Amino acid sequence: MGNLQVEKLRNNPHKARYIKQLLGDIRALEHVLEHKMFELSPIRIGAEQEFCLVDACWQPSNKASEILEAISDSHFTHELALYNLEINLDPLPLSGKCFSQMHHQLNRLLEKADKAAGEQAVKIILCGILPTISKRHLDMDYMTPITRYQILNEVITEIRNHDLEFHIKGVDELNIRHDSVLFEGCNTSFQTHLQIDPYDFEDTYNWSQAIAGPILSICTNSPMLFGKELWEETRIALFTQSVDTRASNFLLNESESRVHFGNKWARGSVVDYFKESISGFRSLFSTTEEIDSLKDLEQGRIPKLKALALHNGTVYTWNRVCYGVTNGKPHIRIENRYLPAGPTTEDEIANMMLWVGVMMGRPKKYNALHTKMDFKEVKGNFFHAARYGMAAQFYWEGQLIPSQRLLLDLLIPMAYRGLYKLGVAAEDVEHYLKIIEKRIATHNGARWTVLSYRHLRKEFKIPDVLVLLTAKMYEGQQKGYSVDGWQLPRGDVSILDTDNRKVYHRMSVRTITAQDSDSTALVLKMMQWKNIHHVPILNDDLDLVGLLTWTDLKAYLKEPDKFDGRVSERMKTELHTIRQDESLDRAKELMESKAINCLPVVHGKKLVGIITSRDL
């Protein structure tokens, strides 16, 4: 988003000034395009690496600010959450050994970050979604204290006028509400940039949309959130919902989410693309900076279009068009936002090369794509890839084709041709595209994660599985070889911190509950059928208000006729509870001192689990 010194645009007395600046940027962009001022060569590539920080127990670490200060390198910057940082790599001309050069710089900068993090007892993880992130890591205490992020959160919650709702259904289902945009902080990506010819904008941008599904399918690396198996690339659904300004209501809402794939083919020029964005999405931010792009042009300066960049930075198309100025010359590039971080830098550069190669290897027969393919099928392909990864099938030129076949028969050969045509070194091309080919024959990051999770789940509870999974990701990344060579992990108990166990390590989250208005006899009968010793009782607001126990059940079995009526008439209301981040020793002490065998685990008034003497 560039400029971090921003103000909220809503109810801002300087709103008219910002809108004037934004419209001035559009007129300046039209002038640059009409007078053929854009740089066309050399074509450049670039990338942004987001990564996660974890502590000695493999939990998200909030030490981003301290680590960033210790690194002291302008390539690094903050992200929304205090357990994430970002590296901005130097742009390089698309030729020779540019990919291996970028790979070398990425590794060098990550080593620098790793050294600074190590001084804080923190490690670096590359993954689309960190397995050990939990709801407790999404409190406002974990938001980076930068004005821009706080304003983004304020604006989105104000526009929606109520909490954000998340519903993602895969093998498991996530259905949850949250009061901030910090779910966005769960996502880390490897955003890749490719400079394009703005005078061939329509065909180039539409081609980037057409290939998005097949490219994503082999690169997925984010299949889990909160210990639930969701989409192969859960980031796509999670990011879409985390900054969604649309509130659900009784009317059919036809507007697009701010994170979106689009709903039609691009038509017209790059200026039309930005006009469409401004028309479709209200601006969220203003800036105190004086901007006059038309005056810059009059005085012979290339405008930076800062007002337009500020707006564009809050509209998150998966293929986002960006304007920039390099060495005093303006350019247009496409930012690929759907590629996840990890599993290794080898995999990331291979993903980038596949995308760049297919973009540059486009045959002429795919010109005027809007006349040859149905956009709905292209958009469907993208979401099929996000849901099913390597198992996806795609509609391509009227045929239904498996992901692997489309890549091996069409897109990878196209990438080879495109890269060779631009003079990319053969040894780079062979090295990185072979990684994609090996991955097709084995597994990608998402499949490795799911299979590893299921393997470890046979022996360990979910919190321990997520720790082991994160530790094994780190181990694989440190070895440096691509994910196609990773084996399923063993349950190395030495990784687990058995001395500082918390309630969340042992509590049960799949808890049968009842409402205070339910029939007492029915609930007690259910306890008998399911052999359950404790049932937490909730009210209509889903707050914890009581508990039925094994003692109640034994009394019922002796004299069932005396247990007519509502649960609220029988339940225990003087409850002893505990938070999930308290120690197991504290839970044990509380149970023994109160002579009880169960503690409901709460977050405020809400039940999040239950821990019993059997769990201890």
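FYI, the numbering just counts along the sequence from 1. Keep in mind that what you see is a predicted model, and the values were worked out from it rather than measured.
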Visitor: Answer yes or no: is there a donor N or O on one side and an acceptor on the other, between the side chain of Asn336 and the main chain of Thr192, under 3.5 Å?
Guide: no
Visitor: I'd like to know whether NZ of Lys421 has more than 12 heavy-atom contacts from other residues, nucleotides or ligands below 6.0 angstrom.
Guide: yes
Visitor: So, using side-chain hydrogen bond (donor to acceptor under 3.5 Å, both in side chains) as the criterion, who are the partners of Gln21 when residues are at least two apart?
Guide: none
Visitor: Quick one: do the Gln209 and Asn319 side chains pair a donor with an acceptor below 3.5 Å?
Guide: yes
Visitor: Shortest non-hydrogen contact from Leu82 to Leu53?
Guide: O-CD1, 4.2 Å
Visitor: Would a distance-only check, ignoring hydrogens and angles, find a side-chain to backbone donor-acceptor pair under 3.5 Å from Gln191 to Leu339?
Guide: no
Visitor: Using 0.5 Å steps for rounding, measure from the OG atom of Ser208 to the CG atom of Leu194.
Guide: 9.5 Å
Visitor: Can you list everything that forms a side-chain contact (heavy atoms from CB on, under 4.5 Å) with Ser269? Sequence neighbours excluded, please.
Guide: Leu33, Val271, Asp272
Visitor: With a 4.5 Å cut-off on side-chain heavy atoms, are Glu184 and Val259 touching?
Guide: no
Visitor: Surrounding OH of Tyr388 (heavy atoms of other residues, nucleotides or ligands, distance under 6.0 Å), is the total greater than 12?
Guide: no
Visitor: Examine distances only and state if a side-chain atom of Ser482 and a backbone atom of Asp347 form a donor-acceptor pair shorter than 3.5 Å.
Guide: no
Visitor: Rounded to the nearest 0.5 Å, what separation is found between the CD atom of Glu335 and the SG atom of Cys322?
Guide: 4.5 Å
Visitor: Would you say CD of Glu69 has more than 12 non-hydrogen atoms from neighbouring residues, nucleotides or ligands within 6.0 angstrom?
Guide: no
Visitor: Indicate the atoms forming the closest heavy-atom contact of Leu411 with Pro214, along with that distance.
Guide: CD1-CB, 3.5 Å
Visitor: Within the structure provided, determine whether Leu433 and Leu419 are in side-chain contact (heavy-atom separation under 4.5 Å).
Guide: yes
Visitor: Assess whether a salt bridge exists between Lys372 and Glu397, defined as any Lys/Arg side-chain N lying under 4.0 Å from an Asp/Glu carboxylate O.
Guide: no
Visitor: Between Thr344 and Gln477, is there a side-chain donor-acceptor contact under 3.5 Å, judged purely by atom types and distance?
Guide: no
Visitor: Thr188 versus Ile129: any side-chain heavy-atom pair under 4.5 Å?
Guide: no
Visitor: Tell me, with the steps shown, if Tyr366 and Asp203 meet side chain to side chain contact (heavy atoms under 4.5 Å, CB included).
Guide: CA-CA 8 Å; Tyr366 292 114; Asp203 282 343; over 6 Å; no
Visitor: With a 4.0 Å cut-off on N to O distance, would you call Arg108 and Asp73 a salt bridge?
Guide: no
Visitor: Would you tell me whether Glu86 and Thr77 have side-chain atoms, one donor and one acceptor, within less than 3.5 Å of each other?
Guide: no
Visitor: Between Ser283 and His311, is there a donor-acceptor pair closer than 3.5 Å when you use the side chain of the first and the backbone of the second?
Guide: no
Visitor: Between Glu276 and Lys264, is the salt bridge (Lys or Arg N to Asp or Glu O under 4.0 Å) condition met? List the steps.
Guide: CA-CA 11 Å; Glu276 188 82 18; Lys264 60 185 178 182; 3.3 Å; yes
Visitor: What is the minimum heavy-atom distance between Phe51 and Ala113, and which atoms define it?
Guide: CZ-CB, 4.1 Å
Visitor: Is it true that, when you exclude Tyr395 itself, more than 12 heavy atoms of the residues, nucleotides or ligands shown sit nearer than 6.0 Å to its OH?
Guide: no
Visitor: If you measure from CG on Leu89 to CD on Gln105, what distance do you get to the nearest 0.5 Å?
Guide: 5.0 Å
Visitor: Is there a donor-acceptor contact under 3.5 Å linking the side chains of Asn351 and Arg439?
Guide: yes
Visitor: Should we count NZ of Lys379 as having more than 12 external heavy atoms under 6.0 Å?
Guide: yes
Visitor: Can you confirm whether Thr204 sits close enough to Pro198 that some side-chain heavy atom of one is under 4.5 Å from a side-chain heavy atom of the other?
Guide: no
Visitor: Please verify the inter-ring angle class for Phe382 with Trp318; under 30° counts as parallel, over 60° as perpendicular, anything in between as tilted.
Guide: tilted
Visitor: Determine yes or no for a side-chain-to-main-chain donor-acceptor pair under 3.5 angstrom, with Asn206 supplying the side chain and His370 the backbone.
Guide: no
Visitor: I'd like to know if the side chain of Thr144 and the backbone of Glu79 have a donor-acceptor N/O pair within less than 3.5 Å.
Guide: yes
Visitor: Tell me if a side-chain donor or acceptor on Lys275 pairs with a main-chain N or O of Ile26 at a distance below 3.5 Å.
Guide: no
Visitor: Over all heavy atoms of both residues, which pair between Met414 and Gly361 is shortest? Give the atoms and the distance, please.
Guide: CG-O, 3.1 Å
Visitor: Would you say the side-chain atoms of Thr314 and Arg258 include a donor-acceptor pair closer than 3.5 Å?
Guide: yes
Visitor: Decide yes or no on salt bridge (Lys or Arg N to Asp or Glu O under 4.0 Å) for Asp296 and Lys306, but give the supporting numbers first.
Guide: CA-CA 12 Å; Asp296 285 339; Lys306 290 185 178 180; over 6 Å; no
Visitor: Test His103 against Tyr432 for ring pair (Phe, Tyr, Trp, His ring centres under 6.0 Å), laying out the working first.
Guide: CA-CA 11 Å; His103 192 184; Tyr432 292 111; 5.8 Å; yes
Visitor: Report the distance from atom CD of Glu111 to atom CG of Leu106, rounding to the nearest 0.5 Å.
Guide: 10.0 Å
Visitor: Specify whether Phe183 and Phe166 have parallel, tilted or perpendicular ring planes, treating 30° as the upper limit for parallel and 60° as the lower limit for perpendicular.
Guide: tilted
Visitor: Out of curiosity, Ile412 CD1 to Gln404 CD, how far, rounded to the nearest 0.5 Å?
Guide: 10.5 Å
Visitor: Is the backbone N or O of Pro330 less than 3.5 Å from a side-chain atom of Glu39, with the two atoms forming a donor-acceptor pair by type?
Guide: no
Visitor: Yes or no on side chain to side chain contact (heavy atoms under 4.5 Å, CB included) for Phe394 and Ser217, after CA distance, side-chain angles and deciding distance?
Guide: CA-CA 10 Å; Phe394 302 120; Ser217 68; 3.7 Å; yes
Visitor: Let me see the working for Phe274 and Glu30 under side chain to side chain contact (heavy atoms under 4.5 Å, CB included), right down to the final yes or no.
Guide: CA-CA 11 Å; Phe274 286 114; Glu30 287 175 326; over 6 Å; no
Visitor: Mind checking whether Phe201 and Tyr205 have parallel, tilted or perpendicular rings, split at 30° and 60°?
Guide: parallel
Visitor: Atom CZ in Arg27, atom CG in Asp25: separation rounded to 0.5 Å?
Guide: 9.5 Å
Visitor: With side chain to side chain contact (heavy atoms under 4.5 Å, CB included) as the criterion, how do Asp428 and Met353 come out once you've worked through the C-alpha distance, each side chain's angles and the decisive distance to 0.1 Å?
Guide: CA-CA 9 Å; Asp428 267 21; Met353 177 179 275; 4.1 Å; yes
Visitor: Using modelled atom types only, decide if a donor and an acceptor are shared between the side chain of Asn444 and the backbone of Met390 within a distance under 3.5 Å.
Guide: no
Visitor: For the residue pair Met143 and Leu182, what are the closest heavy atoms and their distance?
Guide: N-CD1, 3.9 Å
Visitor: Check the pair Arg362 / Asn367 against side-chain hydrogen bond (donor to acceptor under 3.5 Å, both in side chains), numbers first and verdict last.
Guide: CA-CA 8 Å; Arg362 180 185 94 225; Asn367 292 347; 3.0 Å; yes
Visitor: Name the residue from Tyr338, Phe281, Phe239, Tyr316 that meets the ring pair (Phe, Tyr, Trp, His ring centres under 6.0 Å) definition with His260.
Guide: Phe281
Visitor: Is the backbone N or O of Val321 less than 3.5 Å from a side-chain atom of Asn312, with the two atoms forming a donor-acceptor pair by type?
Guide: yes
Visitor: Quick check: closest heavy atoms across Ala47 and Met102, and the distance to 0.1 Å?
Guide: CB-SD, 4.1 Å
Visitor: Within the 4.5 Å heavy-atom criterion, are Phe190 and Ile87 side-chain neighbours or not?
Guide: no
